[in-house]
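Here's the structure, in structure tokens; my notes come after.
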Amino acid sequence: MSSSVIIGTQWGDEGKGKIIDIMAAKADVVVRSSGGNNAGHTVVHGSEVYKLHLLPSGILYPNTLCLIGSGVVVDPAVLLEEISEMQKRGISCENLRIDARADIIMPWHRYLDKLTEEFKAKQTGVNVGTTGRGIGPCYTDKDERIGIRMYDLCHPECLKKLVKNTGELKNLIIEKVYGGEPFDLDKVYEEYKAYGEKLVKYMDDVSVITFEAWKENKKVLFEGAQATLLDIDFGTYPFVTSSHPIAGGACVGTGIGPKMIDEVIGVGKSYTTRVGNGPFPTELNDKTGAEIRERGGEYGVTTGRPRRTGWFDAVIMRHAVRVNGLTSLAINKLDTLSGFPVLKVCTAYKTNDGRILKDFPVTLDELEKCSPVYEEIEGYDENIVGCRNYGELPEKCKAYIARLEELCECPISIIGTGPGRDDVIFR
Ligand code: GDP
Ligand code: IMO
Ligand code: MG
């Protein structure tokens with residue numbers, strides 16, 4: 001059996017949840033390795049819609065082990081709420097395990113996320129536009145080596161000490177730097193101790209479980225969250241998240257080696273979207289952009305914010321093919337584009353001094369000097385929602401897919417034709 005990494009190639013929300021859910025039907029293990037509840041992954045099964053933030057997208061299959069790796073930051077209140085919601089819908093979540101090393105999102109992380117965003121907006125007029133879930137501040141504490149981890153959460157004596165030490169430092173920063181309200185640390189301890197008591201049964205060593213599964217020749221799926229252009233190093237820094245959503249993050253955030261990975265599938269949309277601030281070369285601030293948003297239902301799963309929309313950008317896709325070592329692409333939402341007479345695809349960027357760039361620029365300064373070079377492709381009118389066979393697709397749709405493959409320099413192995421589990425074509 002093989003192991004596959006499934007990651008986002010654009011700025012998130014490419015439909016990773018759907019692809020993982022479909023592939024999980026034949027998988028033994030699904031593991032999340034980065035991010036936290038900034039992610040919102042949608043799984044549609046018949047009339048049932050599941051919006052998952054922390055639970056891996058294999059959770060609907062009771063026999064598939066669902067793991068939260070050490071690279072994930074866990075907000076225990078959100079996770080418990082998600083588990084409870086799933087249980088109300090008849091999904092037991094008994095197949096869930098969380099790595100003891102995973103860092104815990106504390107209330108001061110959420111508060112500092114908001115305070116620093118407000119500070120940045122005041123100072124420079126622009127902030128990142130984070131999800132406000134405390135993701136950046138939690139990863140900062142991890143790197144500073146003052147984080148509170150899953151193991152600590154489940155051991156009251158460790159938790160008490162850490163809430164006092166880290167909490168006092170955070171209260172100082174909140175009060176003295178931002179003039180904010182400090183936290184009552186006794187209350188925080190009691191609240192989090194109760195979370196630990198409920199979550200302890202899920203605590204485990206995800207690195208060992210994943211390795212054992214792999215040794216037994218089981219099928220392992222690594223579920224990416226966020227996406228390549230939101231990567232802390234290879235994204236549009238500083239308008240990025242604080243983790244490594246790229247394929248390499250699957251190793252670091254799970255505790256396995258790169259040789260265990262057989263294929264890397266990059267998930268993208270047939271156009272591009274982004275939530276939050278930061279550069280977006282093919283963005284459409286016009287009627288076409290609004291039409292794509294409405295037709296595609298482009299509103300964030302986590303924050304409900306309208307997503308910015310634009311044409312497909314082959315420059316960022318080639319960047320994703322390279323930094324992730326993609327073996328193939330899954331392109332969703334081909335159904336959303338039907339009815340547009342002309343489809344534009346960005347093939348390269350042109351700098352304001354006339355240079356043509358094939359590769360995504362390293363700095364935002366350089367990116368700001370770029371405008372997209374477009375190729376126009378004839379659109380298709382036919383409704384292709386739920387199409388399950390490549391042969392059934394209109395010729396013009398096939399031509400669009402073939403041109404994307406050429407421009408991205410990567411085969412497209414999966415085509416999404418609707419939100420449902422069955423709305424997919426495997427080639
Ligand atoms: P993720 O974060 O990458 O898992 O993606 P999201 O769940 O945030 O956003 C993707 C949205 O597109 C969800 O509402 C999905 O149900 C929907 N979706 C996924 N694939 C397709 C597709 O091929 N066609 C259509 N129409 N919707 C899709
Ligand atoms: P999924 O897994 C889309 C964006 C935020 C913001 C930036 C930093 O559903 O694809 P953060 O809260 O992480 O510090 O915010 O990253 N962002 C996402 N955008 N999909 C996501 O996840 C995202 N997770 C974070 O909007 O611009
Ligand atoms: Mg999403």
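In listed order, ligands and their atoms are each counted from 1.
Put simply, the side chain of Leu367 reaches to within 4.5 Å of the side chain of Phe360, judged on heavy atoms. Residues Met106 and Val163 form a side-chain contact, since some pair of their non-hydrogen atoms from C-beta on lies under 4.5 Å apart.
Nearest protein neighbour of atom 10 (C) of ligand 1, counting heavy atoms only, is Asp13 O, 3.6 Å. From the protein, the heavy atom lying nearest to atom 12 (O) of ligand 2 is Thr131 OG1, 2.6 Å. Lys333 N, 2.8 Å is the protein heavy atom nearest to atom 23 (O) of ligand 1. When only non-hydrogen protein atoms are considered, atom 22 (O) of ligand 2 lies nearest to Gln226 NE2, 3.5 Å. Atom 15 (O) of ligand 2 has Thr130 CA, 3.4 Å as its closest protein atom, hydrogens excluded (heavy atom only). For atom 27 (O) of ligand 2, the closest non-hydrogen atom on the protein side is Val275 O, 3.2 Å. Closest to atom 13 (O) of ligand 2 among all protein heavy atoms lies Thr241 OG1, 2.6 Å. Of the protein's heavy atoms, Lys18 CD, 3.9 Å lies nearest to atom 19 (C) of ligand 1. When only non-hydrogen protein atoms are considered, atom 20 (N) of ligand 2 lies nearest to Asp13 OD1, 3.1 Å.
Atom numbering of ligand 2 starts at 1 in the shown order; those under 4.0 Å from a heavy atom of Ala225 are 2 (O). Near Ala39, meaning under 4.0 Å from any of its heavy atoms, are these atoms of ligand 2: 1 (P), 2 (O), 9 (O), 22 (O). For ligand 2 and Val240, the ligand atoms under 4.0 Å from any heavy atom of the residue are 7 (C), 8 (C). Atoms of ligand 2 lying under 4.0 Å from at least one heavy atom of Gly12, given by number and element, are 3 (C), 10 (O), 20 (N). The atoms of ligand 2 that sit less than 4.0 Å from any heavy atom of Val128 are 8 (C), 27 (O).
The local environment of OH in Tyr151 is sparse, with at most 12 non-hydrogen atoms from other residues, nucleotides or ligands closer than 6.0 Å. Residue Lys398 places its NZ atom among more than 12 non-hydrogen atoms of other residues, nucleotides or ligands, all under 6.0 Å distant. Enclosure of atom CD in Glu118 by more than 12 non-hydrogen atoms of other residues, nucleotides or ligands within 6.0 angstrom is indicated. For Tyr237, the OH atom counts as loosely surrounded, since its 6.0 Å shell holds 12 or fewer non-hydrogen atoms of other residues, nucleotides or ligands.
Scanning for side-chain contact (heavy atoms from CB on, under 4.5 Å) contacts around Tyr178 gives Leu112, Leu115, Thr116, Phe119, Ile173, with sequence neighbours left out.
We find that Asp13 and Arg307 are joined by a salt bridge, their nearest charged nitrogen and carboxylate oxygen being less than 4.0 Å apart. Salt bridge annotation for Glu392-Arg388: absent, with no cationic side-chain nitrogen under 4.0 angstrom from a carboxylate oxygen. A salt bridge is defined here as a Lys NZ or Arg NE, NH1 or NH2 lying under 4.0 Å from an Asp or Glu carboxylate O, and Arg403 with Glu406 meets this definition.
Contact annotation: for His41 versus ligand 2, heavy atoms closer than 4.0 Å belong to the side chain alone. If you look at Asp335 next to ligand 1, the close heavy atoms, those under 4.0 Å, all belong to the side chain. Contact annotation: for Asp113 versus ligand 2, there are no heavy atoms closer than 4.0 Å. Counting heavy atoms closer than 4.0 Å to ligand 2, residue Trp11 contributes backbone atoms (N, CA, C, O) but none from C-beta onward. Looking at Leu230 against ligand 2, only its side chain comes within 4.0 Å, counting heavy atoms. Using a 4.0 Å cut-off between heavy atoms, Lys16 contacts ligand 2 through its side chain alone, with no backbone atom that close. By the criterion of a heavy-atom distance under 4.0 Å, both the backbone and the side chain of Thr42 are placed next to ligand 1.
Across the listed options Gly276, Gly129, Gly36, Gly129 owns the non-hydrogen atom lying nearest to atom 5 (C) of ligand 2.
Note that the CD1 atom of Ile209 and the CG atom of Asp28 stand 13.0 Å from one another [nearest 0.5 Å]. In this structure, CE in Met150 is found 10.0 Å from CG in Asp204, a value given to the nearest 0.5 Å. Atom-to-atom distance recorded for Trp11:CH2 and Leu229:CG is 4.5 Å, nearest 0.5 angstrom. With rounding to the nearest 0.5 Å, the separation of CD1 in Ile415 from CZ in Phe426 is 10.5 Å.
Residue Gly40 places a heavy atom less than 4.0 Å from ligand 2. Under a 4.0 angstrom heavy-atom cut-off, Arg307 registers as being in contact with ligand 1. The shortest heavy-atom distance from Arg305 to ligand 2 is under 4.0 Å. By the 4.0 Å heavy-atom criterion, Gly40 is counted among the residues contacting ligand 1. Heavy atoms of Gly8 stay at 4.0 angstrom or farther from ligand 1. Residue Arg133 places every heavy atom at 4.0 Å or more from ligand 2.
The closest side-chain donor-acceptor pair between Thr131 and Arg133, if any, does not fall under 3.5 angstrom. Under 3.5 Å, the side chains of Asp313 and Tyr349 contain a donor-acceptor pair of N or O atoms.
Not a single donor-acceptor pair under 3.5 Å links the side chain of Ser33 to the backbone N or O of Gly69.
Between Phe211 and Trp214, the ring planes are parallel. Angles under 30° get that label, and only those over 60° would be called perpendicular.
For ligand 2, the polar-atom distance check against Ser242 finds no nitrogen or oxygen pair separated by under 3.5 Å. At least one N or O atom of Asn38 sits closer than 3.5 Å to an N or O atom of ligand 2.
For the Mg ion (ligand 3), protein N/O/S neighbours under 2.8 Å (waters excluded) are Asp13 OD1, Gly40 O.
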